[in-house]
Amino acid sequence: MTTALLSTADELHARVRRGRRAVVMTMGALHEGHATLIRTAREIAGRDGEVVVTVFVNPLQFGPGEDLDRYPRTLDADLKLAEQAGADAVFAPSVDEVYPGGQPQVRLSAGPMGERLEGATRPGHFDGVLTVVAKLLHLSRPDVALFGQKDAQQLALIRRMVRDLNFGVEIVGVPTVREADGLALSSRNRYLSPDERRTALALSRALFAGRDRHAAQEALRARAREVPSTHARAEALSAIGESRAAADAHAVATAAPGGPAAVRAAARQVLDEAGRVEPPLKLDYLALVDPSDFTEIGDGFTGEAVLAVAARVGTTRLIDNIPLTFGNLGAAS
């Protein structure tokens, strides 16, 4: 397969379409996480479909003092990776192609959800994201578009935009890809020194600590539900040494802090420790939120949730998250 490099929408529109078109939107500097998105797109599009990877560093989503100028541009390497992963075309338009006449006067607003977490730290960021995603959806005209779950708030907002504004496209989220040590793959990882990288591992360790605390709590509650309800059964279980375990399960499940508070506490402990090492981790936020609107969940919450973290190590800002399920289904990793 030879992957075509396209720079204009006219070139893309001139391509003959036979099956479904799946689009993977990127800002370039592609890595294995992007390759996973492209391979998933290939599976969805099928042999007769088409996979298009967009490469565009969007100036609208960078705020003052952010890394627009130093954001890596590696188009030759990106084209090679895209080809190896199964892309039919790479659409790498110029700024003038995407924003003819300069930055657009009319832009999309991300609304209240876009002002929380990442939006609070980076005002206007999600307005820029949604504006360029809408533009690229119009320019690439896909049947399905794929985005990584590492950018969970971005994914939620894109899904909301597509639903609220009646875009005729399916949005697919693809699980986060991690390196062997747990660090979520990101184009910004290349900025980390070896010492900074060791500190940065606290992000994923914190998330896993919260997940493990939640899983242990759910296991204890499940064990507590098996406690014998009659004295005769209790005596029988005692004979095989289980009554103490049942009593311990009851005690932990009812007395120890549980639910969302316990998840947050377990994750924060790891992050607080990382803030005391050298170089230190500087936390932006730790949040346990409802993915439908990215508001914090309460103790009685049931259903899907997202445990999210953002922090700086040196001059590099990193984000990460994992999904959790509260209620009878237990924890999801």
Side-chain angles (χ1 to χ4, degrees), residues 3 22-45 51-58 61-62 66-67 70-92 117-118 125-126 129 132-133 136 140 142 144-159 170-192 196-197 200-208 211 291 306-313 316-323 332-333:
T3 299
V23 166
V24 175
M25 295 187 188
T26 83
M27 292 206 301
L30 302 188
H31 49 64
E32 180 57 29
H34 297 109
T36 299
L37 285 165
I38 297 167
R39 288 192 291 267
T40 304
R42 182 78 272 162
E43 294 174 3
I44 291 172
V51 174
V52 176
V53 177
T54 70
V55 174
F56 180 68
V57 181
N58 176 35
Q61 67 192 70
F62 289 81
E66 293 188 339
D67 57 356
R70 71 177 186 131
Y71 196 89
R73 275 87 165 167
T74 57
L75 184 57
D76 289 343
D78 294 343
L79 183 62
K80 182 176 180 180
L81 183 146
E83 183 170 286
Q84 292 173 342
D88 296 290
V90 168
F91 176 47
L117 300 188
E118 285 298 291
H125 169 70
F126 286 122
V129 169
V132 78
V133 169
L136 289 173
S140 61
V144 57
L146 295 88
F147 297 88
Q149 291 179 358
K150 185 178 78 70
D151 298 295
Q153 191 173 4
Q154 171 181 285
L155 174 60
L157 281 162
I158 291 169
R159 282 177 166 153
E170 177 187 357
I171 303 298
V172 173
V174 178
T176 301
V177 178
R178 299 183 180 278
E179 300 194 40
D181 56 11
L183 188 68
L185 283 172
S186 169
S187 301
R188 291 186 169 94
N189 290 352
R190 68 186 68 195
Y191 300 150
L192 297 169
E196 289 171 343
R197 184 186 172 86
L201 292 176
L203 273 76
S204 56
R205 288 204 311 269
L207 297 178
F208 298 156
R211 178 196 63 190
V306 172
L307 180 62
V309 62
R312 292 184 183 275
V313 183
T316 304
R317 187 174 184 276
L318 301 170
I319 63 172
D320 201 353
N321 71 84
I322 57 171
S333 58

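In this structure, CG on D320 lies 10.5 Å from CG on L201, to the nearest 0.5 angstrom. We find the CG-CD distance between N189 and E196 to be 11.5 Å, quoted to the nearest 0.5 Å. Taken to the nearest 0.5 Å, the CZ atom of R178 stands 14.5 Å off from the CD atom of E32. Atom CG of residue L81 and atom CG of residue D76 lie 13.0 Å apart, to the nearest 0.5 angstrom. In this structure, N58 CG and H125 NE2 are separated by 9.0 Å, a value rounded to the nearest 0.5 Å.
Residues R211 and L307 are not in side-chain contact: their nearest non-hydrogen atoms beyond the backbone lie 4.5 Å or more apart. Taking 4.5 Å as the limit, every side-chain heavy atom of S186 sits out of range of all side-chain heavy atoms of Y191. Here the side chains of V174 and T36 are in contact, with some heavy-atom distance below 4.5 Å.
Under a 3.5 Å cut-off, the side chain of N321 and the backbone N or O of K150 do form a donor-acceptor pair. In this structure, D78 contributes its side chain and R73 its backbone to no donor-acceptor pair below 3.5 Å. A donor-acceptor contact shorter than 3.5 Å is absent between the side chain of T176 and the backbone of A184. A donor-acceptor distance shorter than 3.5 angstrom exists from the side chain of Q153 to the backbone of E118, with no hydrogens or angles considered.
Remark: R197 pairs with E179, D181 by the salt bridge (Lys or Arg N to Asp or Glu O under 4.0 Å) rule, at least two apart or across chains.
In plain terms, the two heavy atoms of R188 and R317 that are nearest each other are CD-O, 3.6 Å. In terms of heavy-atom proximity, Y71 sits nearest to M27 at CE2-O, 3.4 Å. Nearest approach of A29 to T74, heavy atoms of both residues: CA-OG1, 3.3 Å. The heavy-atom pair separating A310 from I319 by the smallest distance is CB-CG2, 3.8 Å. Summarising the geometry of R159 relative to G173, their closest heavy-atom pair is NH2-N, 3.3 Å, with the distance given to 0.1 Å. Nearest approach of L146 to T40, heavy atoms of both residues: CD2-CG2, 3.7 Å.
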Under the side-chain contact (heavy atoms from CB on, under 4.5 Å) rule, what do H31 and R190 come out as? Steps first, then yes or no, please.
CA-CA 11 Å; H31 49 64; R190 68 186 68 195; 5.8 Å; no
Hey, mind stepping through V53 and I38 against side-chain contact (heavy atoms from CB on, under 4.5 Å) and telling me if it holds?
CA-CA 8 Å; V53 177; I38 297 167; 3.7 Å; yes
Report the C-alpha distance between I171 and L155 in whole Å, list the side-chain angles of each, state the deciding distance to 0.1 Å, and finish with yes or no for side-chain contact (heavy atoms from CB on, under 4.5 Å).
CA-CA 9 Å; I171 303 298; L155 174 60; 3.9 Å; yes
Check the pair L192 / L318 against side-chain contact (heavy atoms from CB on, under 4.5 Å), numbers first and verdict last.
CA-CA 10 Å; L192 297 169; L318 301 170; 4.0 Å; yes
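With V52 as reference, V23 is the one residue of T3, V23, L136 to meet the side chain to side chain contact (heavy atoms under 4.5 Å, CB included) rule.
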